[in-house]
Every structure is written in structure tokens, then in C-alpha cells.
Amino acid sequence: MEFSTKFINKLKYAKKLLFFTGAGISAESGISTFRGVDGIWNKMKPEELASIDGFMKNPDIVWQWYQHRRQIVHDSKPNAGHLSIAELENYYDVTVVTENVDNLHRRAGSSKIFELHGNIERNYCIDCKAPFNDTKLNEESGNPKCKECGGRIRPDVVWFGEMLPQDQFSGGQSSAESSDICFVVGTSGLVYPAAYIPIEAKQAGAFIVEINIDYTEMSRFADESFIGKSASILTELLAEVKRIKATT
Ligand code: BJW
């Protein structure tokens, strides 16, 4: 891949990089995206599986679906995209703001991460909010109860109509406001308020770079769009940074 002179110059002088990531970055780790031909929402109804109403109506089905996805996450590994972002910490102040719940950035070694939609490897009690983390992956029809109060346990993810965790969102906003380059990787940019993060970065003066296999709602904000799979583009980005840092 040929990077433009303008982008290379941005990389030379940048100090703070923000990576705003979505499901596409984990596609090459074997985790399904949500939209698009093979996306989850093409086969399942979001209002039944990713809403509090759907959960209260059918907790067993929702619980089984999350246990199935936890197994996939558990069996998957960070790919070259996640690993390249983590390695970029050797050269820049890097923040990851992710819509993903799969923990792969943390497992790749990134140290500053804001998880806007929660984390599938955690649960909490709907009634007393106590964390509940000892569900076994093979408990197919778990639907466990809280040890403190007997309330129903739910996955610690953000469903439609729910507020994002305030500390994670405001942490993401602060990083957006101070970043020099904001990379928007593998997200359709359709889900709000998460999608405000790169827009806020742009408004604060960041250079916006989109990395995706296709153009998206975010493309109109991008100063550069790299169309292709994120694992290989991020690997090339890391190699370019190493070249720049070796000569400056
Ligand atoms: C590759 C690739 C490769 C593939 N390399 N690229 C303002 C305007 C309009 C609507 C709203 C608004 N504000 C709020 C809303 C409502 C709603 C919303 O946004 N709806 C839209 C869908 C219309 N938002 C909410 O409800 C949010 N809450 C909220 O607003 O609270 C405030 C409030 C509360 C009460 C009353 C009123 C207001 C919460 C949103 C929660 C989203 N939750 C989910 C599920 C998480 C749990 C779980 O995983 O089970 O989050 S939905 C799902 O979408 C998931 C994702 O994080 C999120 C984003 O998806 P993402 O990551 O972009 O994936 P895809 O599949 O869409 O795209 C993948 C991309 O990858 C594609 O572009 C591919 O091309 C690309 N790709 N392979 C590079 N190898």
C-alpha cells in the first residue's frame, strides 16, 4: 500500500493516536460483525436479543446466545490488527475507543482502552448491580441468579435504548478532543452515541483516517480512506511508522 505524503507527514508529527474500532477489526479473528451479508442482525432480531425487553421476555434464549458468543470470544485470538495497534504504543500515546465487547484489544496488549458497549466477559445483577463473573461457558441454559440478592444476572453489555457507561464515553470524548490522528477501523458508524467520537475528533481538529473493507457513513468525515482488511492495513501502518521513526 502506498501512503500519501500528506498522511506520512501527519504520522511524523503526531503525538496522540486514537483508534475508534468496531466489529470489523475482529472479523479476521473469526468473530461475526453485526450488519452486512453475514452479519448477526441479518439472522437474529436485535430487539429480541439486544434489548432489556427481549431479555425480560426470554431470558433463557438471550442467555444461551451470549454463552455461545462468549465461547467464540474465548476461543478467538487477537489478530494482526489488534496487535499492531498495541505495538504502536512504542511510538505514540495511543488510546483505543472500542464499540466491541470482545476484549481482544486488552488481550493484544493495548493499555488505554475505553469500552463503549461493555464487555461480554462480565455480568451483573439487574437488581443490585453487583458484578457476577463465575458463569461457566458450558452452562448453556444458565440464566443464573445473584448471590447477594437473588436478582437476575445479565451480560454487562449495552443494549439498544440503554445509556453508555458514562466514564467510558467521557474518557473516549476526552481522547477524541486531544488526538492528532483518529483512525476509524471496521465500523459501519451507524450506532450512536458511539459514532459521535470520530465526529468530535474531527471537530477538534484531528486528521481522520478510515480503514474498512467498504465505504461507510463515516467516509464523509475521513481525510483518508484505506479500503481493505484492517489486519493487513494496520500491519502496513506499523511498518511505515517503524520506517519513519528509524529515519527521524
Ligand atoms: C471490516 C472487515 C475487515 C468487516 N476489516 N473492516 C441518534 C441517531 C439515531 C439513532 C440513535 C441516536 N442516538 C441513539 C440512537 C438509538 C440507537 C442507535 O444508534 N440506533 C441506530 C442503529 C439507528 N442507540 C442506542 O440505543 C444506544 N443507546 C442510547 O442511545 O442511549 C441513550 C438513550 C437511552 C434511553 C432513551 C433514549 C436514549 C445504545 C446502542 C447499543 C448498541 N449495542 C450493540 C450490541 C452490544 C452488545 C452485544 O454485542 O451483544 O453494539 S448493537 C451492535 O452495533 C454492537 C456494536 O458495537 C454496534 C456497532 O456495530 P459495528 O461495530 O459498527 O459493526 P457493524 O456490523 O455495523 O459494521 C462492521 C463494519 O466492519 C462494516 O462497515 C464492515 O464493512 C467492516 N468490516 N470486515 C475492516 N476485515
Side-chain angles (χ1 to χ4, degrees), residues 1 3 7 17-43 46 50 69 72-73 76-88 94-110 112-120 157-158 164 168 172 175-176 179 181-202 206-241:
M1 158 157 299
F3 292 118
F7 177 53
L17 305 188
L18 167 62
F19 286 86
F20 177 71
T21 66
I25 195 171
S26 297
E28 291 163 82
S29 292
I31 299 175
S32 295
T33 61
F34 292 91
R35 298 163 188 87
V37 186
D38 294 321
I40 292 175
W41 298 153
N42 242 1
K43 300 171 201 140
R69 288 178 56 211
I72 294 170
V73 164
S76 67
K77 288 193 182 72
N79 64 50
H82 302 100
L83 295 167
S84 298
I85 293 173
E87 202 177 331
L88 282 166
V94 177
T95 303
V96 176
V97 178
T98 188
E99 297 171 276
N100 298 343
V101 298
D102 59 28
N103 236 344
L104 291 185
H105 284 295
R106 192 164 290 111
R107 282 165 57 193
S110 283
K112 215 192 301 172
I113 305 168
F114 295 101
E115 292 172 319
L116 301 183
H117 292 160
N119 188 312
I120 201 169
V157 299
V158 180
L164 274 55
Q168 302 296 298
S175 307
S179 63
I181 308 179
C182 170
F183 293 88
V184 184
V185 187
T187 177
S188 57
L190 291 169
V191 176
Y192 283 84
Y196 285 130
I197 295 288
I199 297 172
E200 286 179 19
K202 172 105 188 165
F207 189 77
I208 310 294
V209 179
E210 181 173 48
I211 300 176
N212 200 300
I213 52 169
D214 220 334
Y215 291 98
T216 71
E217 284 297 307
M218 283 290 129
S219 306
R220 65 202 153 109
F221 299 105
D223 296 292
E224 295 265 1
S225 288
F226 300 131
I227 300 299
K229 292 188 173 182
S230 48
S232 56
I233 293 175
L234 288 165
T235 303
E236 290 183 51
L237 171 68
L238 175 63
E240 186 64 45
V241 166

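Under the 4.5 Å side-chain criterion, counting only non-hydrogen atoms from C-beta, Val157 is not in contact with His117. With contacts defined as side-chain heavy-atom distances shorter than 4.5 Å, the pair Thr95/Val97 qualifies. Looking at Arg35 and Val191, their side chains come closer than 4.5 Å, going by heavy atoms from C-beta outward. The shortest distance between side-chain heavy atoms of Phe114 and Ser175 falls below 4.5 Å. The shortest distance between side-chain heavy atoms of Leu237 and Phe7 falls below 4.5 Å. Here the side chains of Ile213 and Ile227 are not in contact, with every heavy-atom distance at 4.5 Å or above. Ile31 is listed as a side-chain neighbour of Val73, based on a closest heavy-atom distance under 4.5 Å. Put simply, the side chain of Glu115 does not reach to within 4.5 Å of the side chain of Val101, judged on heavy atoms.
With hydrogens and angles ignored, the 3.5 Å screen pairs no side-chain donor or acceptor of Ser84 with any backbone N or O of Leu238. Arg69 contributes no side-chain N or O that, together with a main-chain N or O of Asp102, makes up a donor-acceptor pair within less than 3.5 Å. A distance-only check finds a donor-acceptor pair linking the side chain of Asn42 to the backbone of Gly36 [under 3.5 Å]. A donor-acceptor distance shorter than 3.5 angstrom exists from the side chain of Ser232 to the backbone of Lys229, with no hydrogens or angles considered. A donor-acceptor pair is defined here as one N or O able to donate and one able to accept, closer than 3.5 Å; no such pair exists between the side chain of Ser219 and the backbone of Tyr215. Not one N or O on the side chain of Asn212 forms a donor-acceptor pair closer than 3.5 Å with the backbone of Gly228.
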Margin query: Pair Glu224, Phe3 - check side chain to side chain contact (heavy atoms under 4.5 Å, CB included), show working.
Written below: CA-CA 10 Å; Glu224 295 265 1; Phe3 292 118; over 6 Å; no

Next item on the list: Show the numbers, then the answer: is there a side chain to side chain contact (heavy atoms under 4.5 Å, CB included) between Ile199 and Ile208?
Entry: CA-CA 9 Å; Ile199 297 172; Ile208 310 294; over 6 Å; no

Next item on the list: Test Thr21 against Asn100 for side chain to side chain contact (heavy atoms under 4.5 Å, CB included), laying out the working first.
Entry: CA-CA 7 Å; Thr21 66; Asn100 298 343; 4.2 Å; yes

Notebook entry, point to check: Can you check side chain to side chain contact (heavy atoms under 4.5 Å, CB included) on Leu116 and Phe20, steps first, answer last?
Noted result: CA-CA 10 Å; Leu116 301 183; Phe20 177 71; 4.0 Å; yes

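Under the 30°/60° scheme for interplanar angles, the aromatic rings of His105 and His82 are found to stand perpendicular. Taking the six-membered ring where tryptophan is involved, the planes of Trp41 and Phe34 are tilted, since the angle between them lies from 30° to 60°.
Thr216 and Glu210 share a donor-acceptor pair across their side chains, judged by distance under 3.5 Å alone. Side-chain atoms of Glu217 and Ser188 include no donor-acceptor pair closer than 3.5 Å.
Exactly one of Leu234, Val96, Thr33, Leu104 qualifies for a side chain to side chain contact (heavy atoms under 4.5 Å, CB included) with Ile25. That residue is Leu234.
Here the shortest heavy-atom pairing between Ala86 and Ala108 reads CB-O, 3.4 Å. When every heavy atom of Val158 is checked against every heavy atom of Gly118, the shortest pair comes out as CG2-N, 4.2 Å. Across all their heavy atoms, Met218 and Pro198 have their closest contact at SD-CG, 3.6 Å. For the residue pair Pro78 and Leu83, the shortest heavy atom distance occurs at O-CD1, 4.2 Å.
Checked for salt-bridge contact, Lys202 and Asp223 meet the test: a charged N lies under 4.0 Å from a carboxylate O.
For the atom pair CD1 (Ile197) and OG1 (Thr187), the distance works out to 12.0 Å, reported to the nearest 0.5 Å. To the nearest 0.5 Å, the span separating CG on Asn79 from OG on Ser29 amounts to 3.5 Å. Interatomic distance, Gln168 CD to Thr98 OG1, rounded to the nearest 0.5 Å: 11.0 Å. Rounding to the nearest 0.5 angstrom, the gap separating the SG atom in Cys182 from the CD atom in Glu200 is 10.5 Å.
With sequence neighbours left out, Ile233 forms a side-chain contact (heavy atoms from CB on, under 4.5 Å) with Met1, Ile211, Phe226.
Counting heavy-atom neighbours within 6.0 Å of Lys112 NZ, excluding the residue itself, gives a total above 12.
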